[in-house]
2 protein chains.
Amino acid sequence: MGKKAGYHHGNLRAALVEAALAILEADGLPGLTLRRVAAQAGVSHAAPAHHFPNLQALLTALATIAFERFTQSMARARARAKPDPESQVRAAGRGYLAFARSHPALFRLMFSAGDLDWQDQALQAAGAAAFRQLQEISAPFADLLGLAGETDRRELERLIWASAHGYAHLAIDGKMPATGNPPDVARFLSKR
Amino acid sequence: MGKKAGYHHGNLRAALVEAALAILEADGLPGLTLRRVAAQAGVSHAAPAHHFPNLQALLTALATIAFERFTQSMARARARAKPDPESQVRAAGRGYLAFARSHPALFRLMFSAGDLDWQDQALQAAGAAAFRQLQEISAPFADLLGLAGETDRRELERLIWASAHGYAHLAIDGKMPATGNPPDVARFLSKR
DNA sequence: AACTCAAACTTGACAGTGACAAGATTCGGC
DNA sequence: GCCGAATCTTGTCACTGTCAAGTTTGAGTT
């Protein structure tokens with residue numbers, strides 16, 4: 001509905017983000033330059049400056065979107081799974097990995113060192129929402145394991161996050177199988 | 001002795017690597033440029049080309065050294081620890097994390113996506129040696145857990161690697177506590 | 001309905017990057 | 001002692017992000 005109207009002037013910001021996402025999918029992070037983004041959006045090389053003061057700001061906007069989709073990927077997987085703690089942990093892990101595998105460049109961007117502005121409110125919120133998914137599946141699982149102490153529960157949370165994150169990272173770097181499920185933390189931790 | 005002799009002509013390759021390591025520690029990956037490396041080594045901007053055909057080759061050499069030090073970090077930690085499987089797993093995890101925390105830029109470089117030439121023999125060897133450390137601690141621990149099937153043993157190996165890797169990555173990104181130990185996989189897996 | 005003015009966009013420039021092409025230099029082997 | 005070849009320098013190119021100016025456009029006010 002009509003938000004696309006007006007090109008010479010229009011909703012450039014959204015067009016830039018869309019163009020950047022397309023380039024990212026096609027050529028990865030190194031292929032993403034402000035000038036290419038501008039060109040693909042049909043504007044001059046300095047046009048983005050009015051919507052994003054610098055490259056980091058554009059990357060931050062992209063990462064924010066990425067975190068939102070990432071959260072959705074975990075939420076979708078969880079919704080399809082059974083509600084018991086073990087299944088939920090497994091599902092979140094699959095959602096984590098699925099996003100990384102289908103959008104490796106976005107995933108790398110989300111966790112790239114200094115390229116992002118973590119002072120940005122929207123990015124912080126999107127990141128926190130993603131982390132909340134992990135807290136939501138971790139707590140019931142800690143109960144199942146009978147972990148009472150806060151320290152133990154936090155440690156379990158970190159272990160679940162770290163293993164999912166590490167596996168995803170190694171997988172998109174070709175160090176883990178390109179298909180198949182991640183190691184089943186839930187099974188290893190609960191059985192026996 | 002005296003390998004340093006001769007400067008106008010000399011052992012430039014080693015000097016370049018040393019300069020690059022210094023810059024990496026000081027300013028991180030984005031601060032590392034061929035021209036700065038050349039300047040710090042006291043040669044012209046095009047001098048590195050004869051020793052490293054392109055930037056990727058230099059980064060690959062750096063990553064190779066990084067993997068060697070990384071392996072040593074794990075080996076040192078293991079040597080200081082008791083020989084039982086649990087302690088060895090814990091120690092390797094600490095060594096993994098210790099290296100990442102004290103050389104974050106090198107660690108990131110080692111696992112940076114397309115910046116490295118994994119066809120390079122030296123890099124492959126150094127990477128394999130590091131991975132071997134994980135296999136060495138994983139096998140006895142699998143025995144301890146009574147895992148017989150090859151699939152299960154491989155899955156455990158991957159879980160240990162992934163959790164160590166993920167925690168290290170998240171730690172140097174500020175998403176995990178800056179000090180303290182990683183989650184104790186060995187304890188979670190064996191107790192109860 | 002005309003006018004103003006700020007926002008959006010363009011053009012142009014600058015320092016810095018990696019890579020390449022030629023030249024200059026210096027060392028090692030005969 | 002001298003010649004060839006490896007090493008290093010100088011110069012240049014296309015490309016990058018960022019800034020400083022101009023130019024266009026559209027929305028709000030009177």
ask   = Phe52(B) has an atom CZ; how far is it from atom C1' of dA6(D), in whole Å?
value = 16 Å

ask   = Between Arg13(A) (CZ) and dC9(C) (C1'), how many Å, whole number?
value = 17 Å

key: From dT18(D), dT10(C), dA19(C), nucleotide with atom closest to Leu55(B) side chain   = dA19(C)

request  = Determine, for Asp152(B) against Arg187(A), whether the closest basic-nitrogen to carboxylate-oxygen distance falls under 4.0 angstrom.
outcome  = yes

inquiry  = Considering every strand and a 4.0 Å limit on heavy-atom distances, what is the contact class for His45(B): base, sugar-phosphate, or nothing?
reply    = base

inquiry  = By the 4.0 Å heavy-atom rule, please label Thr33(B) as base, sugar-phosphate, or nothing.
reply    = sugar-phosphate

task = Using a strict cut-off of less than 4.0 Å between a Lys/Arg side-chain nitrogen and an Asp/Glu carboxylate oxygen, indicate whether Glu157(B) and Arg153(B) qualify as a salt bridge.
result = no

note = Rounded to whole Å, CG of Leu58(A) lies from C1' of dT16(D) at a distance of 14 Å

request  = Send over the distance from Leu16(B) CG to dT9(D) P, rounded to a whole Å.
outcome  = 10 Å

key: Pair Asp84(B) + Arg90(B), salt bridge at N-O below 4.0 Å   = no

Side-chain N,O (His51(B)) to OP1/OP2 (dA6(D)) below 4.0 Å = no

ask   = Toward the 5' end of DNA chain D, which comes first, His50(A) or Arg35(A), by nearest nucleotide?
value = Arg35(A)

message = From CG of Asn54(B) over to P of dC20(C), roughly how many Å is that when rounded to an integer?
response = 8 Å

query = For the pair made of CG in Asp115(A) and P in dG17(D), what is the distance, rounded to whole Å?
reply = 12 Å

key: Atom-pair distance (CG on Leu12(B); P on dT7(D)), nearest Å   = 10 Å

query = So which nucleotide from dT9(D), dT11(C), dC9(C) ends up closest to the side chain of Ala46(A)?
reply = dT11(C)

ask   = Want to settle it: does Pro48(A) or Leu34(B) sit nearer the 5' end of DNA chain C, counting the closest nucleotide to each?
value = Pro48(A)

task = Can you measure from CZ (Arg101(A)) to CZ (Phe107(A)) and round to the nearest 0.5 angstrom?
result = 11.5 Å

inquiry  = What is the distance, to the nearest angstrom, from the CG atom on Asn11(A) to the P atom on dA8(C)?
reply    = 12 Å

query = Does CD in Glu18(A) sit with more than 12 non-hydrogen atoms of other residues, nucleotides or ligands closer than 6.0 Å?
reply = no

